[in-house]
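Here the structure is laid out as structure tokens; the discussion comes afterwards.
In what follows, chains are A, B, ... by sequence order, proteins preceding strands, each numbered from 1. These numbers come from the heavy atoms of this one structure, side chains and all, not from hydrogens, waters or symmetry mates.
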Number of protein chains: 2
Amino acid sequence: MNESTITEEKILQAARLEFERKGYNGTRMQVIADVAGISKASLHYHFRSKDNLFQRIFDDALNAYIPLVNTWKDDSLNWEEKVNRFTTDLLEFVQKGTMLFIIREINRNPELLSERLKKSKSPNSFILYFEQLNTDNQIRQTDPRLLYIFLQSICCFPAINNQMFKKVLRLTDKQYHEMMEGYARAAATFIINAIKK
Amino acid sequence: MNESTITEEKILQAARLEFERKGYNGTRMQVIADVAGISKASLHYHFRSKDNLFQRIFDDALNAYIPLVNTWKDDSLNWEEKVNRFTTDLLEFVQKGTMLFIIREINRNPELLSERLKKSKSPNSFILYFEQLNTDNQIRQTDPRLLYIFLQSICCFPAINNQMFKKVLRLTDKQYHEMMEGYARAAATFIINAIKK
DNA sequence: TTTGTTCCTGACCATTTGGTCAAACCAATT
DNA sequence: AATTGGTTTGACCAAATGGTCAGGAACAAA
């Protein structure tokens, strides 16, 4: 790893931190430079502009997220086990705090999504799988699209809205964290119960 | 309604629009003034500063939200009917687009919440109600706090993440809107199925 | 008509912020 | 030692932005 790559790695790390925490509009190039331990001029040398740097960070975030929610591994597990793994994987990602960042920025500028998601070809494999389960009558008849939304919501929202949940449920950070330990499993069970015959 | 109140109402309306769409950092006082159809100086005459105006808008938003999620009306409906009404009410509020605003700003500055929520005394009435249902063995044993989170998530998240859902599920605006028509009912049924014995 | 009050505005200000640039630095090559 | 090419930086710039202020318009009270 040469000198330049090291610096760029430091920049990306700092930029990720700032953009995720403060959002595009709240982020200052000077702060990124400070956190990365370099000058602002050097920052601009490596990444031409704020927009440019942001695009890079946003792409990385989206590329980590999309495969996670757009694939439904085809393996030997039965559907209940699959639901369990899906919620676990999703929750692990979502804990990193990237989810609010993605949503916030898409909302600020919806173009961000359209530019990047045109390619995908066949319908979501999650949908296909649950359509089949419906046809085979293995679950209570449920619109797979709604099911998808329910599952995503249950997994993603607590990570985004944790401040509010803590307050309203009167939980300390520690208590909330403890509850979240078993959350993936509880969520999966809840969903399974809802559609099991 | 005197001259001043009319102007202030126009300002508040414009400010709400801007703050909700663009967030605190993305909002420009000049734009609020333009939308309200007055000068920036006049804007400052009525609301001393940007912070001041923002506080007002944020308070209004929070005051519309909190009672909605913190109360569980005690009436003659049975628990399934209550779930139905709760989801319906919550979804109606959430459609207005205020939810992402609240979450975004709380995340930017958690103080916003702590300042405003210290007063509430007894545990959330939703929790109390479902604790009782558990004790009476009327539902499948479920941690009421988790249930609360599940319900909130299912209702709030689709309104926040709609851009993403549309893309991933390959739905047009019209299709998505149609699906959302019956969403409150579907969500309630889903939740009821999950905890019904 | 004069005086006073409320509301409104153009012009202006200080600071912040993304971005540029010439000069310096430094390691490798000749 | 001299040259070269990539990297870093302090100083600087133009635009944007929140905020101020003196004065003007509108209207009512004296």
For the pair made of CG in A:L43 and P in C:dT20, what is the distance, rounded to whole Å?
12 Å
Return no unless some side-chain N or O of B:Y45 is found under 4.0 Å from OP1 or OP2 of C:dC7.
yes
Please determine whether a side-chain nitrogen or oxygen atom of B:H44 lies at a distance below 4.0 Å from atom OP1 or OP2 of D:dC21.
no
Check the angle between the aromatic planes of B:F150 and A:Y183 and answer parallel, tilted or perpendicular using the 30° and 60° thresholds.
tilted
Is A:R28 close enough to C:dT16 that one of its side-chain N or O atoms is under 4.0 Å from OP1 or OP2 there?
no
Look at A:S4 and D:dT7 and indicate whether a side-chain polar atom (N or O) is within less than 4.0 Å of OP1 or OP2.
yes
Between A:Q152 and B:M164, is there a side-chain heavy-atom distance shorter than 4.5 Å?
no
Between B:F47 (CZ) and D:dG19 (P), how many Å, whole number?
14 Å
Considering just the side-chain nitrogens and oxygens of A:T7, establish if one lies under 4.0 Å of OP1 or OP2 belonging to D:dT8.
yes
I need the NE2-P distance between B:H46 and C:dC7, as an integer number of Å.
6 Å
For atom CZ of B:R48 and atom C1' of D:dG18, their distance in whole Å
15 Å
The side chain of A:I38 is closest to which nucleotide in this list: D:dG18, D:dT9, C:dT9?
D:dT9
d(CD, A:E8; P, D:dG6) in whole Å
14 Å
Take B:F19 and B:F101 through the ring pair (Phe, Tyr, Trp, His ring centres under 6.0 Å) test and state the conclusion after the steps.
CA-CA 8 Å; B:F19 280 130; B:F101 168 63; 7.1 Å; no
Could you check whether the side chain of A:K50 and the base of C:dG19 have a donor-acceptor pair of N or O atoms closer than 3.5 Å, going by distance alone?
no
Taking atom C1' of C:dG18 as reference, at what distance in whole Å does atom CD of A:Q30 sit?
11 Å
Salt bridge check: are B:K96 and B:E20 linked by an N-O gap of less than 4.0 Å?
no
Sidechain N-carboxylate O distance under 4.0 Å for B:E178, B:K174
yes
Could you give the CE-to-P distance, from B:M29 to C:dT16, as a whole number of Å?
18 Å
C:dT9 C1' sits how many Å from B:D34 CG, rounded?
13 Å
